[in-house]
Amino acid sequence: SLPPDTPPAEVYSTFSDDFGITWSEAAPLSPDAAADPSWDGAPVIGVDARGRWVAAWPRSAFDDYNRIFDTRVCVTRSQDNGGSWSQPLV
């Protein structure tokens, strides 16, 4: 279980189009991150030679006693080298 009043965790992405000299602001991969009370974390990320990215992570929900009662896998993809991401599938 989590300590009381632990804020939800989210998975964030940042983007560089100049080989890491500058970076975009970190943005959550899930567009409902601000309103989502679930705990998102431990992403796994893959990319192919065409710049198509896939990210997957577990999303866990907690009961009133801060115990996990439901965990699902979220998957999102980017077709522009991580510049933008699709709505996650749960």
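Because the structure is a prediction, the values reported are computed rather than measured.
By the rule that hydrophobic residues join a cluster once side-chain heavy atoms approach within less than 4.5 Å of another member, V44 and V11 end up as members of separate clusters. At a threshold of 4.5 Å between side-chain heavy atoms, the hydrophobic network of Ile, Leu, Val, Met, Phe, Trp and Tyr places L29 and V47 in one connected group.
Heavy atoms only, all atoms of each residue included: I21 and D18 are closest at N-OD1, 3.1 Å. The shortest non-hydrogen separation linking C74 to P88 is CB-CB, 4.4 Å. Closest non-hydrogen pair, I45 versus A55, comes out as CG1-CB, 4.1 Å. In terms of heavy-atom proximity, F15 sits nearest to D80 at CE1-O, 3.8 Å. What you find for T14 and S24 is that their closest heavy atoms are OG1-O, 2.6 Å. Minimum interatomic distance between S30 and W57 (heavy atoms only, all atoms of both residues): CB-CZ2, 4.5 Å.
With S78 contributing its side chain and W85 its backbone, the two residues share no donor-acceptor pair below 3.5 Å. Distance alone, capped at 3.5 Å, is enough to place a donor-acceptor pair between the S16 side chain and the T22 backbone.
Between S13 atom OG and W53 atom CH2 the span is 8.5 Å, to the nearest 0.5 Å. Summarising the geometry, atom CG belonging to L89 is positioned 13.0 Å from atom CZ belonging to R72; distances are rounded to the nearest 0.5 Å.
Listed by first and then second residue, the salt bridge (charged side-chain N to carboxylate O under 4.0 Å, His left out) pairs that reach into residues 48-59 are D32-R59, D36-R59, D40-R59, D48-R52, sequence neighbours excluded.
The salt bridge (charged side-chain N to carboxylate O under 4.0 Å, His left out) check on D63 picks up R67, with sequence neighbours excluded.
For the pair W39/T71, no side-chain contact is recorded, criterion being any heavy-atom separation below 4.5 Å from C-beta on.
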